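Computed from heavy atoms alone, side chains included, the values below leave out hydrogens, waters and symmetry copies. Bear in mind that the values here come from a model prediction, so they are computed numbers and not experimental data.
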Amino acid sequence: MSRAALPGFRDFYPQELAERAYVMNAWREVARRYGFLEYDGPPLEPLELYTAKSGDEIVGQLYVFEDKGGRKVALRPEMTPTFARMVGARLNALRKPVRWFSTPQLFRYERQQKGRLREHFQLNVDIVGESDVAADAELLALAIDVMREVGLTASDVRARVSDRRLIGALLAHFDISEEQQPLVYAALDKLDREPRSVLEKRLTDGGLAPHTVGSLFEAVAAKNLDELRVRLGGVRAMDEHFDNLRRYFELLGSLGVAEWVQLDLSVVRGLAYYTGIVFELFDTAGEFRAICGGGRYDDLLATLGGTAAPALGFGMGDVVLSELLRSRKLMPALQPAIDYWVASDDEALLPDVMFVAGRLRRHGHSVEYSLKAQQLARQLKAAASAGAAQVVILLRDQWSGGAGTATLKNLADGSERVVRGDELFNIPV
RNA sequence: GUGGCUGUAGCUCAAUUGGUUAGAGCACCGGUCUGUGGCACCGGGGGUUGCGGGUUCAAUUCCCGUCAGCCACCCCA
């Protein structure tokens, strides 16, 4: 029998659980600040929920099995289908736009790598019912504020932004056919990982004219809208998309996150899914996978069988973000901390120790004491390593069965004072 | 799913061309120390050298398989 957790699954020891809680608390805090409401759904869903959106190929990447009722079920690999179902079922009754978030544990049956396990927690934030680009700006600002909340800066993390519709217009402008588009998207996606010459050859092999490929890469290298416009020589067909993106960047400036954001048309994300502005957050040093990815998916709710409604959202996993925080020394260490440790110099006083501990606990304090007889020095040592703020010391000769006094020692500065038994229970922490 | 690299204590690492009982630091537990913590000194527990097989008088070391981790591909929550 193997003693280890399944590959890609994690045991959360207290330190790791504290780290997970730290990240998830930051998620909740920022989502709350933006007025988003938390929801959740089942971790186990009908398999069709995912095949309807992504096709049968996805089954190979899921934890799938048949339940005892003969239903084909899957552990949820993503939250969006569940979200779409829940929103779709009550769309008419919900206040619009819907602003919801969730922090589900998700599962994928894939070979694990750094930053990519078979199980992770993911912040999901979605907006439904608003097509204005202001919603896109609000969404990205929220993601960026999570970075701020955990101590990262614009020099650590950058948001890369693209627009599916603008890319579409660009490809049309270059007369790139429908069949060639997947090839082009794949090449864009690999721009920062493979030499440009290799990618160019792949595209020309795929039937694109060399001068088209050159102009395409030239255009995609633009770092901002003005640069792009110049490189395209002022193409009218894209004015609408330019205006839209320009307003997007302006609104991001109003929200105070402009310095985090840059145009990058090589951002691709899921092809079948997104219909408008897409973005991803990544570490500027390029050490890790994308921290977060998302965008506008206006057609998805209709595809999943619900009512059509404009929608957008992002997912941010705990694994990459935690790795980044640890590497930047921004992950807080678990600090054990209790209010009181109760000690004594006589093991016969254990009932008194437990009586005092019980009273203090009923007053709402966190209290610990030695469960076995130990020298006083040992108990003090244990108190210090448990992070006790104060130690209540019951001394045989002073305590007198509760009628006498106890010594209250402050472990931070070593100061002591003598208190009556009945005073002990009215001391502020 | 395909290919490459790596597996020694909870962690970081030692161990002669293959050679006795696999060591050290940190961490953990205890002693010096029955009226007082952090320090120091001393001691203790903890290993099927990932697992299985092979070669050899002898394997942590060499070979094969397998499992796991890391990296790349695929795919992107």
Using a heavy-atom cut-off of 4.0 Å across all strands, would you classify [X] as base, sugar-phosphate, or nothing?
| X | result |
| --- | --- |
| Glu347(A) | nothing |
| Gly387(A) | nothing |
| Gly414(A) | base |

Distance between the [atom1] atoms of [N] and [M], in whole angstroms?
| N | M | atom1 | result |
| --- | --- | --- | --- |
| G10(B) | G50(B) | C1' | 16 Å |
| C28(B) | U20(B) | P | 33 Å |
| G25(B) | A9(B) | C1' | 12 Å |
| A24(B) | G18(B) | P | 25 Å |
| A40(B) | U16(B) | C1' | 36 Å |
| U49(B) | C33(B) | C1' | 39 Å |
| C67(B) | U60(B) | P | 23 Å |
| G47(B) | C13(B) | C1' | 15 Å |

Select one nucleotide: of [options], the one nearest the side-chain heavy atoms of [X].
| X | options | result |
| --- | --- | --- |
| Lys409(A) | G35(B), G37(B), A77(B) | G37(B) |
| Pro7(A) | C70(B), G37(B), A68(B) | A68(B) |
| Leu380(A) | C29(B), C75(B), G37(B) | G37(B) |

Could you tell me the separation between the [atom1] atom of [X] and the [atom2] atom of [N], rounded to a whole number of Å?
| X | N | atom1 | atom2 | answer |
| --- | --- | --- | --- | --- |
| Gln398(A) | G35(B) | CD | P | 12 Å |
| Phe9(A) | C67(B) | CZ | C1' | 17 Å |
| Leu349(A) | U36(B) | CG | P | 16 Å |
| Leu117(A) | C76(B) | CG | C1' | 15 Å |
| Arg116(A) | A72(B) | CZ | P | 11 Å |
| Leu199(A) | C73(B) | CG | P | 12 Å |
| Gln374(A) | G35(B) | CD | P | 15 Å |
| Leu376(A) | G37(B) | CG | P | 8 Å |

Check [Y] with [X], please: is the shortest side-chain N to carboxylate O separation under 4.0 Å?
| X | Y | result |
| --- | --- | --- |
| Arg289(A) | Glu280(A) | no |
| Glu110(A) | Arg116(A) | yes |
| Asp205(A) | Arg202(A) | no |

With a 3.5 Å limit on both atom pairs, tell me what [N] is paired to, counting Watson-Crick and G-U wobble, or say none.
| N | result |
| --- | --- |
| A27(B) | none |
| U8(B) | none |
| U55(B) | none |
| G3(B) | C71(B) |
| G46(B) | none |
| A15(B) | none |

Q | RNA chain B: 5'-proximal contact among Ile393(A) and Arg289(A) (nearest heavy atom) | A |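 Going by which nucleotide is closer to the 5' end, it is Ile393(A).
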
Q: Return the 5'-most residue of the pair Leu106(A), Glu416(A) with respect to RNA chain B, ranking by each residue's nearest nucleotide.
A: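 Mapping each residue to its closest nucleotide by heavy atoms, the 5'-most match is Glu416(A).
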
Quick check on [N]: is either OP1 or OP2 less than 4.0 Å from any side-chain nitrogen or oxygen of [X]?
| X | N | answer |
| --- | --- | --- |
| Arg378(A) | G31(B) | yes |
| Gln375(A) | U34(B) | yes |
| Lys190(A) | C76(B) | no |
| Gln113(A) | C73(B) | no |
| Lys381(A) | G31(B) | no |

(Q) Tell me whether the side-chain N or O atoms of Gln379(A) pair up with the base of U36(B) as donor and acceptor below 3.5 Å, since no angle test is needed here. (A)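 Counting by modelled atom types and ignoring angles, no donor-acceptor contact under 3.5 Å is found here.
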
(Q) For C70(B), does the base pair up with any side-chain atom of Arg111(A) as donor and acceptor (N or O, under 3.5 Å, distance only)? (A)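 Absent.
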
Q: Working to the nearest 0.5 Å, report the span between CZ of Arg20(A) and CG of Asp318(A).
A: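 The distance works out to 8.0 Å.
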
Q | More than 12 heavy atoms from other groups under 6.0 Å of CZ on Phe121(A) | A |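 Buried by this count: over 12 neighbours within 6.0 Å.
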
Q. Under 6.0 Å from the six-membered ring centre of Phe282(A) and within 45° of its axis: does the NZ or CZ of Arg160(A) meet both?
A.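 Pair Arg160(A)/Phe282(A) counts as cation-pi.
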
Q.
Does the Lys NZ or Arg CZ of Arg76(A) fall within the cation-pi geometry relative to Tyr50(A) - under 6.0 Å from the ring centre and within 45° of the axis?
A.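 Not flagged: Arg76(A) not positioned over aromatic ring of Tyr50(A).
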
Q.
Would you say the ring centers of Tyr340(A) and Tyr369(A) fall short of 6.0 Å from each other?
A.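 Centroid distance Tyr340(A)-Tyr369(A): not below 6.0 Å, so no.
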
